[in-house]
Amino acid sequence: MNNKYRTHNCNELRRENVGKNVILSGWINKKRDHGNLLFIDLRDNYGITQCIIDKENPNFRELEKIQLETVVTIQGSVVNRSKETINKEIETGEIEVGIEKYKVIGSCKELPLPVFSDQEYSEEIRLKYRFLDLRRKKIHENIILRSKVISFIRSEMYKSGFLEFQTPILTSSSPEGARDFLVPSRLNPGKFFALPQAPQQFKQLIMVSGFDRYFQIAPCFRDEDARADRSPGEFYQLDLEMSFVEQEDVFNVVEKLLVNTFKEFSNKKLLFKKFPRISYSDAMLKYGSDKPDLRNPLIISDITEIFLRDDVSFEIFKKLIKSGSMVRCIVTKKTKDKPRSFFDNIDKWAKDQGASGLAYFTIEKEKEISAKGPVGKFFSKEALKKIMKLTGAEIGDSLFLACSNQKELEKITSLARDKIAKDLNLINDDIFAFCWVVDYPMFEKDEITKKIKFSHNPFSMPQGDIEKIKFENPLDILAYQYDIVCNGIELSSGAIRNHIPELMYKLFSVAGYSKIDVDQKFSGMINALSYGAPPHGGIAPGIDRIVMLLANEKNIREVTMFPMNQNAEDLMMNAPSEVSDIQLKELNIILKNKK
RNA sequence: GGGGGUGUAGCUCAGUUGGUUAGAGCGAUCGCCUGUCACGCGAUAGGUCGAGGGUUCGAGUCCCUUCACUCCCGCCA
């Protein structure tokens, strides 16, 4: 590279370039003005070079006054720095550039936010001036990391025999799943496209088309509310699908990819090289969640049976159990000497979460085994021995108990597991703990409508002998449906697909869809499956979340170049925005509450 | 749709029990300073305390309403 803007970038010059006349361009990162001597840190994408000018130079007075973040071209010669003035913090720290000439090529107004600063500042201002925010070191590096991760994944996928294909962005609305983003069709008045929530049907059609292994870094659009780890509107998945495979084949490909990627881009250790498989029902019992953080050693146990004993007099729980509640507990190791406040804080915290609190006691032994704590007196020593057998608790350990219906229990024990582990500092932040959650139920009961609905992907293959599936007990049907979870974050879900049309109709009918409904809503898919479809399956790991984990960020906006805010607005581009009457008219749209 | 947190100078924040003229650091402007790398020193400008209403002799501070940002629940096949 050698043009009128630069002969080198700002991270290139070294001691061996001393004496050379060079041209550099970049942003004024920082000035240090000594009155008759001025230091300027010039920054570009690659790094920083210190430039220097003194009052002998006729440009001195102007450069003294130059605004930070102005873009300038500097011409000068590379000078050796004396030993005492070397800056080890930057790669160009052994040299500096003595400014001979300079030119402003992009002037800068007074900054609405500092670029050179480690200070946190408000999301609103960051998103409005994202182009300035992105100049800052941390996020600039995150975005570069994202690019490298995606590039690495692409090449790994090609190495594993996958081909990348694009699928349509304007497609049809689907009745299942998240809210769609709709796009009105001008040529078909009254009709709408939908942006794809995922290229689900397309990737299956690609398998039916005989391409065997497909992947895509696919944009996905879902009109749902945001979270810290969930962008509103759009996000990216590594969408992949394979023909003639079983569940384990998909696992092998993805495990290899994730292990390689996480080894390449992070120094954190992988807790498991072979990711453990945990069934959905086990996960819900032991962790209270289908996205367990396996860095957390705490395990939830069900001890409902204890409260059926005559030598346990915990009457409140006994009464609740008679009306269908269960009791589950979390054991904390060697906590007998923790102060009362430790236990009471957790109980209080649980109440703040809307639960009725967490009862607790500590198992002790002087002559006999006994339980210490507000509810300890309700348990006989035999009951305590049984509890220890059920939960693995030992002398000196404590138990936190919750009693409620299954759903509430899962919720509070899951939250409590996180909370207690944090309080006891049990989570090692220096590891990645992956796992597969498998054997999801095909259907679930809608809490409100009490109707049977698909619990995940309606195109998943049910487990077991297809001839023997008991459709009359739909809640017992498991699917070849799986999630991959890392450190408590759901990275993706996938499935072996149902490629048999007759079975598809049956499953949909359980969820209340007639054959006609299915033919209408999924015409492309169901039609294709009737013309010789291979068995196939796949998965779609979330790219944003993978990068988030690798960059050690807690918020997905830190790895997204131009994110929207929580209200799904782009503060920089002013999107969404109102459109002209002419545009609306062309689209045959009349707004109901036009101001 | 619901709950929590935050909102004071361009930026980040402090502001006691309600009490005189609302402060600091960074940034800006002006001046001094030839080896800094978060340079240093001095001065100046900069405020509808998110907005509206109420209580009070008096509100940044208390109450109500509302707006914005954010975190969480719902939602996310």
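Lettering of chains follows the sequences in order, A, B, ..., and the numbering in each one begins at 1.
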Can you find a pair of side-chain heavy atoms, one from A/Met548 and one from A/Asp229, that are under 4.5 Å apart? yes

Measuring only the P atom in each nucleotide, how far is B/C39 from B/C26? A whole number of Å is fine. 11 Å

Mind checking who B/G25 pairs with, Watson-Crick or G-U wobble, both distances under 3.5 Å? B/C11

Describe the nucleic acid contact of A/Phe39 in one word from base, sugar-phosphate, nothing, applying a heavy-atom distance below 4.0 Å. base

How far, in whole Å, is B/U29 from B/G15 if one measures between their C1' atoms? 27 Å

Sugar-phosphate, base or nothing in reach of A/Asn567, heavy atoms under 4.0 Å: sugar-phosphate

Reckon A/Lys407 has a side-chain N or O less than 4.0 Å from the OP1 or OP2 of B/C73? no

Classify the side chain of A/Glu69 versus the base of B/G27 as yes if they form a donor-acceptor pair under 3.5 Å and no if they do not. no

If only side-chain N and O atoms of A/Arg227 are considered, is one of them under 4.0 Å from the OP1 or OP2 phosphate oxygen of B/C75? no

Nearest-angstrom distance, C1' atom, B/G18 to B/C37: 48 Å

Among B/C33, B/C37, B/U70, which nucleotide sits nearest the side chain of A/Arg81? B/C37

Just to be sure I understand the rule, does A/Leu111 reach a base, reach only the sugar-phosphate, or reach nothing, if contact means heavy atoms closer than 4.0 Å? sugar-phosphate

Measure from the side-chain heavy atoms of A/Arg230 and tell me the nearest of B/G25, B/C76, B/C71. B/C76

Checking N1-N3 plus N6-O4 or O6-N4 for Watson-Crick, or N1-O2 and O6-N3 for wobble, each under 3.5 Å, the partner of B/A45 is none

Which nucleotide wins on minimum distance to the side chain of A/Asp41, given the candidates B/C11, B/A38, B/C37? B/C37

With both distances under 3.5 Å as the test, what is the Watson-Crick or G-U wobble partner of B/U36? none

Establish, with yes or no, whether the OP1 or OP2 oxygen of B/U36 is under 4.0 angstrom from a side-chain nitrogen or oxygen of A/Asn87. no

Within a strict 4.5 Å, meaning less than it, do heavy atoms of the A/Glu241 and A/Arg497 side chains meet? yes

Looking at A/Lys88, does any N or O in its side chain come under 4.0 Å of the phosphate oxygens OP1/OP2 on B/C37? no

Considering heavy-atom distances to RNA chain B, does A/Glu110 or A/Gly35 have its closest nucleotide positioned more toward the 5' end? A/Glu110

So A/Gln200, base contact, sugar-phosphate only, or nothing? Heavy-atom distance under 4.0 Å. base

Any A/Asn555 side-chain N or O less than 4.0 Å from OP1/OP2 of B/C71: yes

Taking B/U16 as the reference, what is the distance to B/A22 when you measure between their C1' atoms (whole Å, please)? 14 Å

Decide, yes or no, whether a salt bridge links A/Arg295 with A/Asp293 under the criterion of side-chain N to carboxylate O below 4.0 Å. yes

To the side chain of A/Lys65, which of B/C37, B/C30, B/C76 is closest? B/C30

Side chain of A/Gln67 (C-beta onward), nearest among B/C75, B/C37, B/A28: B/A28

Any idea which of B/C71, B/G35, B/A68 is nearest the A/Gln566 side chain? B/C71

Please confirm whether any donor atom in the side chain of A/Gln50 sits under 3.5 Å from an acceptor in the base of B/U36, or the reverse. yes

Expressed in whole Å, how much space separates the C1' atoms belonging to B/U44 and B/G3? 47 Å

On the nucleotide B/G27, are OP1 or OP2 found under 4.0 Å from the side-chain N or O atoms that A/Lys109 carries? no

Kindly point out which of B/C72, B/U70, B/C75 is positioned nearest to the side chain of A/Asp225? B/C75

Of B/C11, B/C75, B/C37, the nucleotide closest to the side chain of A/Ile125 is B/C11

Looking only at the side chains, is there a donor atom on one of A/Asn80 and A/Glu94 sitting less than 3.5 Å from an acceptor on the other? no

For B/C69 and B/C75, measure between their P atoms and round to the nearest Å. 24 Å

At 4.0 Å (heavy atoms only), tell me whether A/Ser122 reaches a base, stays on the sugar-phosphate, or touches nothing. sugar-phosphate

A/His34 stacking on B/C33: centroids under 5.5 Å, ring planes under 30°? no

With a 4.0 Å cut-off, would you call A/Lys128 and A/Glu124 a salt bridge? no

Which whole number of Å gives the distance between the P atom of B/C62 and that of B/C76? 40 Å

Counting any heavy atom closer than 4.0 Å, what does A/Glu569 reach on the DNA or RNA strands: base, sugar-phosphate only, or nothing? sugar-phosphate

Which distance, rounded to the nearest 0.5 Å, do you find between the CG of A/Asn9 and the CG of A/Asp44? 5.0 Å

Side chain of A/Arg557, heavy atoms from C-beta onward: which of B/G35, B/C76, B/C71 has the nearest atom to it? B/C71

Compare all side-chain heavy atoms of A/Ile477 with those of A/Gln463 and state whether any distance is below 4.5 angstrom. no

Please determine if a side-chain N or O atom of A/Arg126 lies less than 4.0 Å away from the OP1 or OP2 oxygen of B/U70. no

Base, sugar-phosphate alone, or nothing: which one does A/Ser455 contact when heavy atoms must sit under 4.0 Å apart? sugar-phosphate

Hey, does A/Pro458 reach any base, or is it just sugar-phosphate, or nothing, if we go heavy atoms under 4.0 Å? base

Find the partner of B/U6: check Watson-Crick (N1-N3 plus N6-O4 or O6-N4) and G-U wobble (N1-O2, O6-N3) distances, both under 3.5 Å, and reply none if neither fits. B/A68

Contact class for A/Lys30 vs. all strands (heavy atom < 4.0 Å): base, sugar-phosphate, or nothing? sugar-phosphate

Short side-chain N/O contact to B/C39 OP1/OP2 from A/Arg32, under 4.0 Å: yes

Any ion pair linking A/Lys451 and A/Glu444 (charged N to carboxylate O, less than 4.0 Å)? no

Mind checking whether A/Tyr505 and A/Tyr513 have ring centres under 6.0 Å apart? no

For A/Asn565, report the nucleic acid contact type (base, sugar-phosphate, nothing); a contact means any heavy atom under 4.0 Å. sugar-phosphate

Rounded distance in Å between the C1' positions of B/G50 and B/U70: 15 Å

